[in-house]
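Contents: one structure, followed by commentary.
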Amino acid sequence: MMSDFATRASQLDETDPLRDYPAEFLGSDDPEIVAYLDGNSLGRPTRATAQRLAAFLTEGWGGRLIRGWEEQWFDLPLTIGDRIGAAVLGAAAGQTTVGDSTTVLLYKLARGAMALRPGRTEIVLDRDNFPTDRYLLESIASDLGLTLRWIETDFAGGVTARAVGDAVSEHTALVVLSHVAYRSGYLLDAAAVCAATHAAGALLLLDLCHSAGSVEIELDRWAIDFAVGCTYKYLNGGPGAPAFAYVAAAHQADFTQPIWGWMGREKPFEMAQGYVPAAGIRRVISGTPAIVGMIPIQDTLDLIEQVGMAAVRAKSVALTEFAVELAQTWLLPLEVRMSSPLDPARRGGHVTIDHPRFQEITARLWQRGIIPDFRPPQGIRLGMSPLSTTFGEVLAGVRAIRDELTTH
Ligand SMILES: *Cc1c(COP(=O)(O)O)cnc(C)c1O
């Protein structure tokens with residue numbers, strides 16, 4: 001069985017339409033890194049990024065100095081935003097901007113959305129949402145005197161359109177959900193969830209951190225109101241790279257966010273009295289955007305624009321299917337539990353498995369250059385980044401987990 005799987009992994013790598021892409025990443029030839037299975041937490045840097053950052057330093061920052069703002073940087077959040085919109089989000093131009101962390105953008109968009117539904121007193125969210133989403137909605141609810149209505153989710157599942165339909169009412173202002181659940185990997189039916197939200201007259205804010213760059217997204221077609229997402233996961237922007245925000249064109253004229261900074265004001269360099277929001281998506285910006293952090297995102301966008309998200313998603317499904325098959329054969333007999341959906345149509349780019357010894361085993365795997373991550377209470381997440389992960393890495397990762405469970 002083992003050699004069968006080894007043959008399969010080599011065949012899958014040889015026939016992979018994206019087989020040339022793993023070599024585009026720095027460290028792909030580093031023998032110390034046997035299997036990197038955490039691209040959903042921190043994507044790898046591309047080789048092109050090393051050059052782009054060096055050029056930015058010497059020619060951009062070092063050469064253009066303050067002139068760089070006028071020449072390029074002032075518009076860079078919107079320029080890169082539009083590229084993310086077109087290549088990754090299914091969003092027409094003028095609706096996406098880059099800046100701040102996901103946490104801060106979630107706050108700004110959630111507050112802005114609440115202001116569009118005056119008189120409504122509830123926000124719907126789920127227990128399995130990412131901690132930052134839960135905490136800051138708790139903060140907003142406490143500031144504004146709102147009620148949080150929690151959807152309980154199944155451990156290996158996620159939020160269904162039906163559960164949303166049951167939770168919303170004429171009191172609901174906003175629904176905030178992750179497109180792909182950070183723990184289980186459950187991929188929600190965003191179009192159906194959005195329809196259920198709108199049926200109650202509420203607005204939907206989607207967190208795309210775990211879906212942007214791994215699953216196909218159609219924000220415009222699904223009629224999503226607001227979205228935010230990371231660029232340091234599947235978009236390989238680097239540790240702490242700024243997040244993106246999407247505000248649907250239909251809401252922009254009435255949308256305001258609570259952090260009124262000069263860079264989101266109309267004509268910021270007039271330094272005028274009184275805040276007047278800039279036209280369009282620029283009003284999401286508060287202070288000076290983190291230009292340095294935006295440089296690497298462009299290299300992953302170059303790659304995604306070459307191949308298209310359909311090919312990226314196809315590779316992602318093939319990787320997670322292989323991981324599930326390996327885990328079912330090798331790990332489930334060792335009392336490991338599958339904690340992700342088995343249906344690839346309902347699964348994002350990672351697979352979570354649970355076992356009481358996984359915390360200790362993850363630490364040993366890291367020493368061996370096998371790098372997944374651990375999520376409490378006892379889960380290993382196998383995160384496969386479609387452009388950089390090989391089937392060989394998936395094989396090596398699951399095999400090492402089996403060895404750890406059987407030999408120690
Ligand atoms: C990674 C992640 C975040 C992270 O937010 P930061 O502000 O970048 O720390 C938020 N939400 C989800 C669903 C995530 O997966």
Query raised in the report: Just by distance, do the side chain of Arg368 and the backbone of Val34 share a donor-acceptor pair under 3.5 Å?
Result: no
Query raised in the report: Is Trp222 atom CH2 crowded by more than 12 heavy atoms from other residues, nucleotides or ligands, each under 6.0 Å away?
Result: yes
Report summary line: All heavy atoms of Ser101 vs all of Ala243, minimum pair found to be C-CB, 3.7 Å
Requested in this report: Take Leu387 and Phe25 through the test side-chain contact (heavy atoms from CB on, under 4.5 Å) and record every step on the way to the result.
Outcome: CA-CA 9 Å; Leu387 288 169; Phe25 290 83; 3.9 Å; yes
Report task. Mind checking the CD1-CG spacing from Ile371 to Leu37? Nearest 0.5 Å is all I need. Result -> 8.5 Å
Requested in this report: Give a yes or no on whether a salt bridge exists between Arg364 and Glu360, defined as a side-chain N under 4.0 angstrom from a carboxylate O.
Outcome: yes
Query raised in the report: Taking only residues two or more places apart in sequence or in another chain, which ones pass salt bridge (charged side-chain N to carboxylate O under 4.0 Å, His left out) with Lys233?
Result: none
**Report entry** Taking every non-hydrogen atom, the tightest pair across Thr389 and Tyr36
**Finding:** OG1-O, 4.1 Å
Requested in this report: Taking the side chain as every heavy atom from C-beta outward, state whether Val284 and Phe255 have any atom pair closer than 4.5 Å.
Outcome: yes
Report summary line: Residues passing the salt bridge (charged side-chain N to carboxylate O under 4.0 Å, His left out) test with Arg337, sequence neighbours excluded, are none
Query raised in the report: Does atom CD of Glu335 have more than 12 heavy-atom neighbours from other groups under 6.0 Å away?
Result: no
Query - Any donor-acceptor pair under 3.5 Å from Ser139 side chain to Tyr135 backbone - result: no
**Report entry** Cation-pi check, Arg381 onto Tyr182 ring (under 6.0 Å, within 45° of axis)
**Finding:** no
Query - Qualifying residue for side chain to side chain contact (heavy atoms under 4.5 Å, CB included) with Ile84, from Leu208, Ile304, Leu89 - result: Leu89
Report task. Test Glu305 against Arg83 for salt bridge (Lys or Arg N to Asp or Glu O under 4.0 Å), laying out the working first. Result -> CA-CA 9 Å; Glu305 285 164 2; Arg83 284 185 70 191; 2.9 Å; yes
Query raised in the report: For the side chain of Ser340 and the backbone of Thr352, is there at least one donor-acceptor N/O pair under 3.5 Å apart?
Result: yes
Report summary line: Nearest heavy-atom contact between Leu301 and Ala87 is CD2-CB, 4.4 Å
Requested in this report: Could you note down all residue pairs passing ring pair (Phe, Tyr, Trp, His ring centres under 6.0 Å) where residues 192-219 supplies at least one of them, sequence neighbours left out?
Outcome: His210-His350
Query raised in the report: Which heavy-atom pair separates Cys230 from Phe244 by the least distance, and what is that distance?
Result: O-CE2, 3.6 Å
Query raised in the report: Any ion pair linking Arg347 and Glu321 (charged N to carboxylate O, less than 4.0 Å)?
Result: yes
Query raised in the report: Could you go step by step and tell me if Val164 and Leu204 meet the side-chain contact (heavy atoms from CB on, under 4.5 Å) rule?
Result: CA-CA 11 Å; Val164 172; Leu204 179 64; over 6 Å; no
Query raised in the report: Of all residues at least two apart in sequence or in a different chain, which pass the side-chain contact (heavy atoms from CB on, under 4.5 Å) check with Ala181?
Result: Ser184, Tyr186
Query raised in the report: Knowing that exactly one of Val351, Asp38, Asn40 qualifies, which makes a side chain to side chain contact (heavy atoms under 4.5 Å, CB included) with Met384?
Result: Val351
Requested in this report: May I ask you to decide if Phe358's main-chain N or O and Thr362's side chain share a donor-acceptor pair within less than 3.5 Å?
Outcome: yes
Query raised in the report: Among all residues two or more places apart in sequence or in another chain, which pass the side chain to side chain donor-acceptor pair (under 3.5 Å) test with Asn236?
Result: Thr300
Report summary line: side chain to side chain donor-acceptor pair (under 3.5 Å) pairs touching residues 151-172, sequence neighbours excluded, are Arg127-Glu152
Query raised in the report: With a 3.5 Å cut-off and no angle check, do the side chains of Ser214 and Ser316 form a donor-acceptor pair?
Result: no
Query raised in the report: Is it true that a side-chain atom of Gln298 and a backbone atom of Ile295 form a donor plus acceptor pair closer than 3.5 Å?
Result: yes
Report summary line: Output for pair (Arg399 CZ, Glu404 CD), nearest 0.5 Å, gives 13.5 Å
Report task. Could you note down all residue pairs passing salt bridge (charged side-chain N to carboxylate O under 4.0 Å, His left out) where residues 238-264 supplies at least one of them, sequence neighbours left out? Result -> none
Query - The single option from His179, Arg313, Glu216 passing side chain to side chain donor-acceptor pair (under 3.5 Å) against Ser211 - result: His179
Please list, one pair per line, the donor and acceptor atoms closer than 3.5 Å that link side chains of residues 143-151 to other protein atoms, with sequence neighbours excluded.
residue, atom, partner, partner atom, Å
Arg149, NE, Glu122, OE1, 2.7
Arg149, NH2, Glu122, OE2, 3.0

Query raised in the report: Which pair of non-hydrogen atoms, one from Gln257 and one from Ser286, has the smallest distance, and what is that distance?
Result: NE2-OG, 3.5 Å
Query raised in the report: Rounded to the nearest 0.5 Å, how far apart are CD of Gln51 and OG1 of Thr46?
Result: 9.0 Å
Query - Test salt bridge (charged side-chain N to carboxylate O under 4.0 Å, His left out) applied to Arg52 - qualifying residues, sequence neighbours left out - result: Asp299, Asp302
Query raised in the report: Where is the tightest heavy-atom contact between Gly293 and Pro296, given as atom of each residue plus distance?
Result: O-CD, 3.6 Å
Report summary line: When rounded to the nearest 0.5 Å, the distance separating CG of Asp225 from SG of Cys194 is 5.5 Å
Requested in this report: Not counting sequence neighbours, which residues clear salt bridge (charged side-chain N to carboxylate O under 4.0 Å, His left out) with Arg19? List them please.
Outcome: none
**Report entry** Result of checking Asp354, Asp128, Asp373 against Arg183 for salt bridge (Lys or Arg N to Asp or Glu O under 4.0 Å)
**Finding:** Asp354
Query raised in the report: For residues Arg44 and Ser388, is any side-chain donor paired with an opposing acceptor at under 3.5 Å?
Result: no
Report summary line: Here the gap from Thr97 atom OG1 to Arg283 atom CZ, rounded to the nearest 0.5 Å, amounts to 13.0 Å
Query raised in the report: Which residues satisfy the side chain to side chain donor-acceptor pair (under 3.5 Å) test with Tyr107, sequence neighbours excluded?
Result: Arg111
**Report entry** Test side-chain contact (heavy atoms from CB on, under 4.5 Å) applied to Lys315 and Val307, step by step
**Finding:** CA-CA 11 Å; Lys315 168 90 184 274; Val307 301; over 6 Å; no
Query raised in the report: Going by atom types alone, do Arg47 and Ser28 pair a side-chain donor with an acceptor below 3.5 Å?
Result: yes
Query raised in the report: Would you say the ring centroid of Trp73 lies under 6.0 angstrom from that of Phe56?
Result: yes
Query raised in the report: So, Arg67 side chain and Gly63 main chain: donor-acceptor pair closer than 3.5 Å or not?
Result: yes
**Report entry** Pairwise distance CD1(Ile123) to CE(Met114) - rounded to 0.5 angstrom
**Finding:** 4.5 Å
Requested in this report: Can you sort out the partners of Asp100 under side chain to side chain donor-acceptor pair (under 3.5 Å), two or more places apart, ordered by chain and number?
Outcome: Lys108
